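As structure tokens, the structure follows; a few thoughts come after it.
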Amino acid sequence: RRRAAALLVKKNNFFTMPETVEDKANLELYLPHPEVRGMTRLNREAFKRTVVVPVLKVKKEIVNTLLKSLKHTVLQRPGLKRVVEDPEDEDSRLVILDPHKISEFSLGESDREVLKQLNVHPEVSKYNLELTYENFKSEEILRAVLPEGQEVTSGFSRVGHIAHLNLRDHQLPYRHLIGQVIIDKNPGITCVVNKTNIIDSTYRNFQMEVLAGESNLVTKVKENNITYELDFSKVYWNPRLSTEHGRIVELLKPSDVLFDVFAGIGPFAIPAAKKKCRVFANDLNPESYSWLLHNCKLNKVDNKIKAFNMDGRDFLLGPVREELSRELPLLKEEQKTSFHIVMNLPALAIEFLDVFQHFLAGEPCSAAGLPTVHCYGFSKHDDPAKDVRERAEASLGTSLDGRCSTYLVRNVAPNKEMLCISFQIPAEVLYKRPCPDGGKEPLGHLDFGLHLLLFQARPTLLALWTTPAVWQ
């Protein structure tokens, strides 16, 4: 086939052929040279190849009119010229047509009619078009390089100038090439990293390998019109949570109070403060705490956010309980202030909900004043919403049936969902029961294990167990 093609080539890449001749090279227009298969070190020169494409010879003064009239037939390919010089006639140009839309290098009836009106000869000629590495998309390059039939990675999370990949085992031998291709094909990306282990649930960061480009992992991102700076190697940041951050902040009103238990670098806390909410933000990771303070100053809200570097449970039992104990008794019926507690640590947050049992002392506040919790969790269950609700109920020791909403945040992996469950903490959970016998703890609080066992067995038994009659 190559010898036959060579015989057809005339000088300057241009020659005329009968309309019915088909060249299989047309089907390979967007495929790099087959010899790049298995390449592990990027050689851009190896991607050069010449393909045969259909062209029309057109007088240069009507080229623009023709391009508009045949816009569905003309080659539409970023980086490739649609019009080239005619080597045999300086008054004419060659308009490149899309070979996938020209059957056997022959124009359809409607295209012929257009050419007739423009007084253009409908003869389709062939042109040798040279393609280089620059003409191929990243996915086409990687599909040509990786073993046939194997999954190709061209998607990534972008964090400022950093592209973050999660490569599969079969892609690892090609990781440096993949990194370089992503830099080449995505303006502004100057560093590509691959996650080398799972997220550490303590500090929510992970080990990573720089695959290509610079090793600078301090970057700047913009989310929902707010700028954040961070060291991607030391703190948690996920651009796929942008919509969820915005959704929660949208629920807040000016003068509301937000307690952000696992605040990271501030994607809930800072926009909430910008919205004139009072914010208490905490993170256990000292690096996250440091960047949280930095971003508060960067966004001029450092006087509106109280920041803490504590364990989440200690933060809840300390500053959160102290603030709610002070504020809720003063809350008047007509006041519109709401209290929100965000717990975005989906691997563990549901396990923290037991802290709210008998969290506050004194008379319960009005139903409207009860704090609203937004707690995140992962689920691999067939019914993830039911799974997350039941786990939250087990931690709280009460039913949330009809008292909560679950929101699907995103699909994290096959059969693994991230959800947010939102609910007002029921008064019977949040407040300690008054002691009816002069100071002794009610039986229902002496043995929480029995309390929870009763709830899981039958909610009506739990209701009976917690009535004053049973305490007597």
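None of these values were measured; they are calculated from a predicted model.
The one candidate from V159, D231, L230 that meets the side chain to side chain contact (heavy atoms under 4.5 Å, CB included) condition with L217 is D231. Among L345, V409, L419, the one residue that satisfies the side chain to side chain contact (heavy atoms under 4.5 Å, CB included) test with Y376 is V409. Here the options are I341, L258, N344, L251, the test is side chain to side chain contact (heavy atoms under 4.5 Å, CB included), and the partner is H374; only L251 passes.
Across all their heavy atoms, G179 and A212 have their closest contact at C-CB, 3.5 Å. Minimum interatomic distance between L370 and Q424 (heavy atoms only, all atoms of both residues): O-NE2, 2.9 Å. Here the closest non-hydrogen pair linking L331 and G369 is CD2-CA, 3.6 Å. A392 and I421 make their closest contact through CB-CD1, 4.1 Å (heavy atoms, listed as atom of the first residue, atom of the second, distance). A46 and H33 make their closest contact through O-CB, 3.6 Å (heavy atoms, listed as atom of the first residue, atom of the second, distance). Smallest separation of non-hydrogen atoms from A272 and V279: CB-CG2, 3.9 Å.
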Could you go through the side chain to side chain contact (heavy atoms under 4.5 Å, CB included) check for L146 and Y174 one step at a time?
-> CA-CA 8 Å; L146 268 65; Y174 308 91; 4.0 Å; yes
Please report the C-alpha distance between R247 and E244 in whole Å, then the side-chain angles of each, then the deciding distance to 0.1 Å, and finally whether the salt bridge (Lys or Arg N to Asp or Glu O under 4.0 Å) criterion is met.
-> CA-CA 5 Å; R247 184 183 75 88; E244 179 61 11; 2.8 Å; yes
List the steps and the verdict of side chain to side chain contact (heavy atoms under 4.5 Å, CB included) for L97 and V53.
-> CA-CA 7 Å; L97 307 177; V53 293; over 6 Å; no
Assess whether side chain to side chain contact (heavy atoms under 4.5 Å, CB included) is satisfied between Y236 and L241, documenting all intermediate values.
-> CA-CA 11 Å; Y236 179 79; L241 294 177; 4.0 Å; yes
Salt bridge (Lys or Arg N to Asp or Glu O under 4.0 Å) assessment of R403 paired with E428 | CA-CA 13 Å; R403 300 197 280 188; E428 70 269 20; 3.1 Å; yes
Residues F378, E417; criterion side chain to side chain contact (heavy atoms under 4.5 Å, CB included); working and verdict = CA-CA 6 Å; F378 292 131; E417 310 293 344; over 6 Å; no
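Around atom CZ of R168, no more than 12 heavy atoms belonging to other residues, nucleotides or ligands sit under 6.0 Å away. The environment of N225 atom CG is sparse: at most 12 non-hydrogen atoms of other residues, nucleotides or ligands sit within 6.0 angstrom. By the neighbour-count criterion of 12 heavy atoms within 6.0 Å, atom NZ of K306 is sparsely surrounded, having that number or fewer from other residues, nucleotides or ligands. Enclosure of atom CG in D382 is not indicated, since only 12 or fewer non-hydrogen atoms of other residues, nucleotides or ligands lie within 6.0 angstrom. For E148, the CD atom is loosely surrounded, since the number of other residues' heavy atoms within 6.0 Å does not exceed 12. Environment of CG in N415: sparse, with no more than 12 heavy atoms of neighbouring residues, nucleotides or ligands closer than 6.0 Å. The environment of CZ in R240 is sparse: at most 12 heavy-atom neighbours from other residues, nucleotides or ligands sit within 6.0 Å.
In this structure, the side chain of R158 engages the main chain of G160 through a donor-acceptor pair within 3.5 Å. Between the side chain of S290 and the main chain of P286, no donor-acceptor pair closer than 3.5 Å is present. A donor-acceptor contact shorter than 3.5 Å links the side chain of N216 to the backbone of V218. In this structure, the side chain of N135 engages the main chain of T132 through a donor-acceptor pair within 3.5 Å. In terms of modelled atom types and a separation under 3.5 Å, the side chain of H176 and the main chain of L42 share no donor-acceptor contact. The backbone N or O of D283 sits less than 3.5 Å from a side-chain atom of N309, completing a donor-acceptor pair. Side-chain N or O atoms of R37 include one that pairs as donor or acceptor with a backbone N or O of A144 at under 3.5 Å.
Between S399 and D401, the side chains place no donor N or O within less than 3.5 Å of an acceptor N or O (distance only, hydrogens not considered).
Between R313 and D354 there is a salt bridge, since a side-chain N of the basic residue sits under 4.0 Å from a carboxylate O of the acidic one. Taking the charged nitrogens against the carboxylate oxygens, E209 and R175 do have a contact shorter than 4.0 Å, which makes a salt bridge. Residues E130 and R49 are not paired through a salt bridge, judged by the lack of any N-O separation under 4.0 Å between the basic side chain and the carboxylate. Of the charged side-chain nitrogens involved, none lies within less than 4.0 Å of a carboxylate oxygen, so that K275 and D256 do not count as a salt-bridged pair. Look at R77 and E140 and you find a salt bridge, because one of the NZ, NE, NH1 or NH2 atoms lies within 4.0 Å of a carboxylate O, short of that distance.
For the atom pair CG of N303 and SG of C296, the computed distance is 9.5 Å after rounding to the nearest 0.5 Å. To the nearest 0.5 Å, atoms CD (Q171) and CG (N194) are separated by 9.0 Å. Expressed to the nearest 0.5 Å, how far CD of Q180 lies from OG of S138 amounts to 12.5 Å. The line from CG of L284 to OH of Y289 is 12.5 Å long, rounded to the nearest 0.5 Å.
With a 4.5 Å cut-off on side-chain heavy atoms, I182 and L165 count as touching. Inter-residue side-chain proximity for H340 and F259 is flagged as unmet; no heavy-atom pair is nearer than 4.5 Å. At least one side-chain heavy atom of P267 sits less than 4.5 Å from a side-chain heavy atom of W237. I270 is listed as a side-chain neighbour of N295, based on a closest heavy-atom distance under 4.5 Å. F262 places none of its side-chain heavy atoms less than 4.5 Å from the side chain of L348. By the 4.5 Å heavy-atom criterion applied to side chains, L360 and L328 are counted as neighbours. Side-chain contact between T372 and F423 is absent, with no heavy atoms from C-beta onward closer than 4.5 Å. At a threshold of 4.5 Å between non-hydrogen side-chain atoms, the residues V210 and V192 do not count as touching.
You'll find the ring centres of F232 and H164 inside the 6.0 Å limit.
A cation-pi arrangement is found for K185 relative to Y133, the charged atom lying closer than 6.0 Å to the ring centre and inside a 45° cone about the ring normal.
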